[in-house]
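Single-structure report; data block below.
For the numbers below, each heavy atom of this structure counts, side chains included, while hydrogens, waters and symmetry mates do not. Heads up: numbering here begins at 1 and tracks the sequence.
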Amino acid sequence: MTNNTQKEMSFLDHLEELRWVLVRCTIAILVLAGGAFFIKDFVYNQIIFGPKDPNFITYRFFCKITQYFGVEGAEICNAEMPFIIQNTAMGGQVSFLIWTCITVGFIIGFPFILWEFWKFISPAFYKNEKKYARAFIIVSSFLFFLGVAFGYFIITPLSVYFFGSFSASPEIVNEFNLESYTSMIKTSTIACGLLFELPILIYFLTKIGLVSPPFLRKYRKYALIIVLILSAIITPPDIISQVIVAIPIMILYEISIFISAMVIKKQEKIAKTI
């Protein structure tokens, strides 16, 4: 009876600790969102509506690439955005302001969120593994920000350019809803940021014995299919965009196999010393 009560209290204590982790993360996001509010003009005009500008850095980069390979008169060099963004809801712009700031707060505060969750799960690790906390935060944050940058500078412009310039008929005018436009940007950036966390996910799954290098190698072809499906969801419906997304994710998958092998090798080494 006493043991059951102790176990129950221990479980409740963990829930209470998790609750405070979520509270602290929420407060951090809201504080950073408040900071984003004071620079909302920069956030709107330079970041959110940046990919709408034909002179956006991504379009100029791809233009130089096409010119380097001798593709003269490429459409990307004469990018046009013949569409407008409109608000159709009474409180649409207020909602847009709030959720944009919260998204910025989440992205900037991601390292702090990682740190909070690391403190929550760290008791489950060995003492010699806890010293890698700083490396975990740095690597995880780097991968996340790299994924966010990839989503914003590659996926988002490709999507905006494709959908913005696509026309089934000259009689149809593109007038995109504000929510639809911003939702695409948020989905592309945050989804890519989380997808780039794949090596970290594989590390923990290997630690608890759910995956292994042979398993990852065996199901590599299925992973490729899943990656292509995810690429199709977050990119325009064209093969080139899907391949551009799939390549770095598959590279991360191969890196994950290497990381998994290192974890297994280290576990075997520790087992031999016991």
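Taking all atoms of both residues into account, the shortest heavy-atom contact from Pro157 to Ile154 is CD-O, 3.4 Å. Counting all heavy atoms, side chain and backbone alike, Asn55 lies closest to Arg60 at O-NE, 2.8 Å.
Atom OG1 of Thr58 and atom CG of Asp53 lie 11.0 Å apart (nearest 0.5 Å). Atom CD1 in Ile190 sits 6.5 Å away from atom CZ in Phe144 (nearest 0.5 Å). Ile259 CD1 to Leu201 CG: the interatomic distance, rounded to the nearest 0.5 Å, is 11.0 Å. Separation of atoms NZ (Lys186) and CD1 (Ile48) is listed at 8.5 Å; rounding is to 0.5 Å. Interatomic distance, Cys192 SG to Leu146 CG, rounded to the nearest 0.5 Å: 10.0 Å. How far SG of Cys25 is from CG of Leu30: 11.0 Å, rounded to the nearest 0.5 Å.
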Requested in this report: Under the ring pair (Phe, Tyr, Trp, His ring centres under 6.0 Å) rule, what do Phe49 and Tyr181 come out as? Steps first, then yes or no, please.
Outcome: CA-CA 9 Å; Phe49 296 120; Tyr181 177 83; 5.8 Å; yes
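Residues Tyr44 and Leu97 form a side-chain contact, since some pair of their non-hydrogen atoms from C-beta on lies under 4.5 Å apart. Annotation: side chain of Val160 is in contact with side chain of Met184 (closest heavy-atom distance under 4.5 Å). Taking the side chain as every heavy atom from C-beta outward, Phe176 and Ile84 never approach each other to under 4.5 Å. Considering only heavy atoms from C-beta on, Ile107 comes within 4.5 Å of Phe145 through its side chain. Side-chain contact between Ile113 and Ile29 is present, with heavy atoms from C-beta onward closer than 4.5 Å. Between Leu252 and Pro248 the shortest side-chain heavy-atom distance does not fall below 4.5 Å. Two residues are said to be in side-chain contact when any heavy atoms from C-beta on lie closer than 4.5 Å; Phe117 and Leu22 meet this criterion.
Annotation: salt bridge (Lys or Arg N to Asp or Glu O under 4.0 Å) contacts of Glu116 (sequence neighbours excluded): Arg24, Lys119. Considering only residues two or more places apart in sequence or on other chains, Thr88 meets the side-chain contact (heavy atoms from CB on, under 4.5 Å) condition with Gln86, Asn177. Shown here are the side-chain contact (heavy atoms from CB on, under 4.5 Å) partners of Leu114, two or more places apart in sequence or in another chain: Phe110, Phe136, Ile137, Ser140, Ser141.
Hydrophobic clustering (ILVMFWY, side-chain heavy atoms < 4.5 Å, transitive): Ile255 and Ile226 are in one cluster. Both Tyr222 and Val211 are members of a single hydrophobic cluster when ILVMFWY side chains are connected at heavy-atom separations under 4.5 Å. A continuous path of hydrophobic side-chain contacts links Val43 to Leu32 [ILVMFWY only; heavy atoms under 4.5 Å]. Note on Leu143 and Ile138: separate hydrophobic clusters, where clusters join Ile, Leu, Val, Met, Phe, Trp and Tyr whose side-chain heavy atoms are under 4.5 Å apart, directly or indirectly. Cluster membership check: Ile251 shares its hydrophobic cluster with Tyr203, using side-chain heavy-atom separations under 4.5 Å among Ile, Leu, Val, Met, Phe, Trp and Tyr.
Taking the six-membered ring wherever Trp is involved, the centroid distance between the rings of Phe196 and Phe150 falls below 6.0 Å. The distance between the ring centers of Tyr152 and Phe56 falls below 6.0 angstrom.
In this structure, the side chain of Thr103 engages the main chain of Trp99 through a donor-acceptor pair within 3.5 Å. Not one N or O on the side chain of Glu17 forms a donor-acceptor pair closer than 3.5 Å with the backbone of Phe120. A distance-only check finds no donor-acceptor pair linking the side chain of Thr156 to the backbone of Phe153 [under 3.5 Å].
Within a 6.0 Å sphere centred on CG of Leu224, heavy atoms belonging to other residues, nucleotides or ligands number more than 12.
In the hydrophobic clustering, where aliphatic and aromatic side chains (Ile, Leu, Val, Met, Phe, Trp, Tyr) are joined below 4.5 Å either directly or transitively, Ile27 groups with Trp20, Val23, Val31. Through side-chain heavy atoms spaced under 4.5 Å, either directly or across other Ile, Leu, Val, Met, Phe, Trp or Tyr residues, Val173 is tied to no other residue.
A cation-pi contact, defined as under 6.0 Å to the ring centre and within 45° of the axis, links Lys52 to Phe83. Cation-pi geometry between Lys40 and Phe37 is satisfied (NZ or CZ under 6.0 Å from the ring centre, within 45° of the ring normal).
Note on residues 251-263: pairs passing side-chain hydrogen bond (donor to acceptor under 3.5 Å, both in side chains), not counting sequence neighbours, are Thr206-Ser260, Arg220-Glu254.
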